[in-house]
Structure formats: C-alpha cells, structure tokens
Amino acid sequence: MSSRKIVILLGPPGAGKGTQAKMVSEKLELPHISTGDILRNAIDAGTELGKKANKFMHKGELVPDEIVFDILKQRLQSADCYPGAVFDGFPRNKTQAKEFLELTYVNEASSIKAVLIDLDHEEVVKRLSNRRYCPNCNTVYNLINKKPDKKIDGDYICDKCGTKLIKRDDDKVDTIKNRLRVYEKSTAPIIDFFQKKSIFLTVDGDQNVQAVNQQIMELLNK
Ligand code: AP5
C-alpha cells in the first residue's frame, strides 16, 4: 500500500479555501481538487450533471452527495492524484466526510490533515460580494484587496488574459447568506468529526493571504 498526502481545506464560503488550495498544491506539488470548480465547469459545459447541480448551486444549497461522489471518484482515478491531493470544498457534510475516509483512495498509510480557515460571517459577505473572476483563465480577484489593474468601458479586465471579469452566480448577498446558513448546519459539524480523528488543525483566515499561507504550511510541515 502506498502512502498518500491528503490535505483538506475547510471553512465558510469566502474564507480563502480556493486561494490557499492553489498555493498549497503548488508548494506540495499535489493536484488541487475543488468540487465547486468541477461542478461550475460542468454547468458552463451545459452537461446533464451541470444542469442538475445548477439547481442547487444557484440557491446556495449543497449538491446531492451521489453527484459529488460520482465526479470525485472519476477525478481521483487520474494518475496525477496518485501521490495525494489538496481538497477544497470537499467534504461538505458528515456523510461525505465518513464516506471519503472509507474510500480505497484514502488508504491506511495516508497522511490526512484537515485545516479549517476560520473567518467571521461579516467578513465573508464583504469578501464574496467583492469577488470577481476571469471566466477564461479562472484567476480570482477582489475589488477591495486584489483589484485588477485595468477597466475597459467600465468593466474590469483580467490582468493575465484581458477577458472581462464576472461575478459568480452565487455571490449575490442573499445567496451568500444562505450559503453561510448551509455551512453552519451541514459543514461545521465536520469539525467535531475530524477533531475526534485527531486530524484537525485551524488557522485564522482574517490575515493577509501570505500570512494565512505561512500558518497553513507550518501546520502541514509539523
Ligand atoms: P465552492 O466553490 O466550494 O464555494 P465555497 O465553499 O462557498 O467557497 P468559495 O469558493 O466561495 O470561497 P473560498 O473559500 O474558496 O474563497 P476564495 O479563495 O475564492 O462551492 C460552491 C457551491 O458548489 C456550493 O454552494 C455547493 O452548491 C456546491 N458544492 C461544492 N462542493 C460541494 C460538495 N462537496 N458537496 C455538495 N455541494 C458542493 O476567496 C474569496 C475572496 O476573498 C476572493 O475574492 C479572494 O481574492 C479573497 N481572499 C482570499 N483570501 C483572502 C485573504 N486572506 N484576505 C483578503 N481577501 C482574501
């Protein structure tokens, strides 16, 4: 049995999971697996799975576990996942957490660390209502602290590829508030589950991106 390095980034919407997962995956040379990104790609591609998922994502509800596990298991079959992966936005409830730990992918020799990026709800709403992203190269911006350099005809443009930036469909204030309710009800209970398994760590998400990353890397390297 081979050893795998499994890093799970947990946290409320907008805590910085995607931002940090990208950095951690580059540093550890592991793939970044975001179930949210995979589902959004399916929506953009207009697939049947995307149409099903959109009904839930649009409202800020969780996509059913069967759909999530189908896409996840498919992703984990890729050769790049063999040494491990950085999971962003998965697992999302206790059922997903339990089933994940039972997958053959997560074998006994794996090193598993679940890191909570903690952030209060007020800051979440501020960050997400100011998030913009590039639909072409997926670069994520923030109109408060990571503003794009250029505007053309009143629209912000991606610094990297010049595409007009857009707002995520679920980054409307009412949907953000529902995502936070869903997080408290369904996702936060995972903390207790991971704590009991002694694989739980936590960082303060209310610091700049580099400081959060430094804390995460220190915890992962301990
Ligand atoms: P998902 O895509 O996972 O969204 P989320 O968990 O709500 O998290 P976000 O992507 O909104 O935020 P983030 O924490 O990644 O923050 P980011 O780095 O972008 O899920 C979307 C939906 O898909 C769910 O609602 C659900 O419907 C479905 N789904 C996905 N996975 C599922 C699953 N497993 N089961 C069921 N359903 C599932 O940062 C946010 C902003 O803040 C950016 O503008 C960024 O630039 C800025 N920022 C980041 N870090 C900092 C910092 N330290 N300081 C200041 N600003 C910062």
Side-chain angles (χ1 to χ4, degrees), residues 1-41 62-63 65-119 138 140 182-184 186-222:
M1 226 178 239
S2 66
S3 168
R4 292 208 159 99
K5 199 170 179 75
I6 293 173
V7 178
I8 296 168
L9 294 184
L10 295 167
K17 302 182 294 297
T19 303
Q20 295 298 331
K22 192 168 180 293
M23 296 166 84
V24 172
S25 86
E26 279 165 13
K27 288 186 177 165
L28 298 181
E29 298 183 0
L30 293 173
H32 166 195
I33 300 184
S34 156
T35 41
D37 284 348
I38 299 174
L39 292 165
R40 274 184 292 279
N41 289 341
L62 293 187
V63 172
D65 296 340
E66 316 83 76
I67 297 182
V68 173
F69 271 94
D70 277 355
I71 57 160
L72 184 81
K73 283 179 186 167
Q74 208 175 336
R75 179 67 185 89
L76 293 178
Q77 281 170 8
S78 301
D80 66 328
C81 295
Y82 193 78
V86 180
F87 293 86
D88 154 19
F90 176 89
R92 210 61 172 224
N93 58 30
K94 266 193 181 174
T95 308
Q96 291 185 8
K98 280 183 192 157
E99 280 191 35
F100 179 64
L101 296 188
E102 285 163 11
L103 291 180
T104 46
Y105 179 80
V106 187
N107 61 44
E108 280 172 18
S110 297
S111 128
I112 310 171
K113 286 186 177 164
V115 184
L116 171 73
I117 305 174
D118 203 12
L119 193 67
N138 289 324
V140 177
V182 171
Y183 172 77
E184 290 301 335
S186 303
T187 311
I190 298 180
I191 293 172
D192 181 50
F193 175 76
F194 282 145
Q195 260 168 346
K196 285 183 179 144
K197 303 242 168 241
S198 305
I199 54 173
F200 180 76
L201 304 160
T202 183
V203 298
D204 176 9
D206 199 5
Q207 314 176 73
N208 69 50
V209 171
Q210 292 303 334
V212 176
N213 188 253
Q214 194 182 333
Q215 271 198 1
I216 294 176
M217 295 313 297
E218 279 169 12
L219 289 176
L220 294 179
N221 289 327
K222 262 187 188 166

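Everything quoted here is computed from the prediction, not taken from an experiment.
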Partner residues of Glu184 under the salt bridge (charged side-chain N to carboxylate O under 4.0 Å, His left out) criterion, sequence neighbours left out: none
For Asp37, all residues meeting salt bridge (charged side-chain N to carboxylate O under 4.0 Å, His left out), sequence neighbours excluded: Arg40
All ring pair (Phe, Tyr, Trp, His ring centres under 6.0 Å) counterparts of Phe87, not counting sequence neighbours: Phe100
Which atom pairs, one a donor and one an acceptor, fall under 3.5 Å between side chains of residues 198-206 and the rest of the protein, sequence neighbours left out?
| from | atom 1 | to | atom 2 | distance (Å) |
| --- | --- | --- | --- | --- |
| Asp204 | OD1 | Asp206 | N | 2.9 |

Residues Lys5, Val86; criterion side chain to side chain contact (heavy atoms under 4.5 Å, CB included); working and verdict: CA-CA 8 Å; Lys5 199 170 179 75; Val86 180; over 6 Å; no
Spatial distance of atom CG (Asn213) from atom CG (Leu220) [nearest 0.5 Å]: 9.0 Å
side-chain contact (heavy atoms from CB on, under 4.5 Å) partners for Gln210, two or more places apart: Met23, Asn208
Candidate pair Tyr82 and Arg4, rule side chain to side chain contact (heavy atoms under 4.5 Å, CB included), full reasoning: CA-CA 7 Å; Tyr82 193 78; Arg4 292 208 159 99; 3.3 Å; yes
Salt bridge (Lys or Arg N to Asp or Glu O under 4.0 Å): pairs with one or both residues in residues 24-36, sequence neighbours excluded: Lys22-Glu26
Heavy-atom side-chain contact between Leu101 and Lys197 under 4.5 Å: yes
Heavy-atom check, side chain of Lys73 versus side chain of Leu103, under 4.5 Å: yes
Minimum-distance pair of heavy atoms, taken over all atoms of Ser25 and Pro31: CB-C, 4.1 Å
Side chain to side chain, Ile33 and Leu76, heavy atoms closer than 4.5 Å: yes
Residue pairs, two or more places apart or on separate chains, that pass ring-ring contact (aromatic ring centres under 6.0 Å, His included) and touch residues 203-222: none
Distance (rounded to the nearest 0.5 Å) between Tyr183 OH and Leu62 CG: 12.0 Å
Which residues share a side-chain hydrogen bond (donor to acceptor under 3.5 Å, both in side chains) with Gln195, sequence neighbours left out: none
Distance in Å, Asn41 CG paired with Asn138 CG, rounded so as to fall on 0.5 Å steps: 6.5 Å
Results of side-chain contact (heavy atoms from CB on, under 4.5 Å) for Ala114 - residues two or more places apart only: Ile8, Leu10, Phe194
Heavy-atom pair with the smallest gap, counting every atom of Pro91 and Ala97: CB-N, 3.5 Å
Pair listing, side chain to side chain donor-acceptor pair (under 3.5 Å) test, anchored in residues 88-100, at least two apart: His32-Asp88, Asp65-Asn93, Asp65-Gln96
Partner set under salt bridge (charged side-chain N to carboxylate O under 4.0 Å, His left out) for Asp80, not counting sequence neighbours: Arg75
Shortest non-hydrogen contact from Leu116 toward Gly11: CD1-CA, 3.7 Å
Test side chain to side chain contact (heavy atoms under 4.5 Å, CB included) applied to Ile117 and Ile216, step by step: CA-CA 9 Å; Ile117 305 174; Ile216 294 176; 4.1 Å; yes
Side chain to side chain, Leu219 and Lys113, heavy atoms closer than 4.5 Å: no
With sequence neighbours excluded, residues passing salt bridge (charged side-chain N to carboxylate O under 4.0 Å, His left out) with Lys196: Asp192
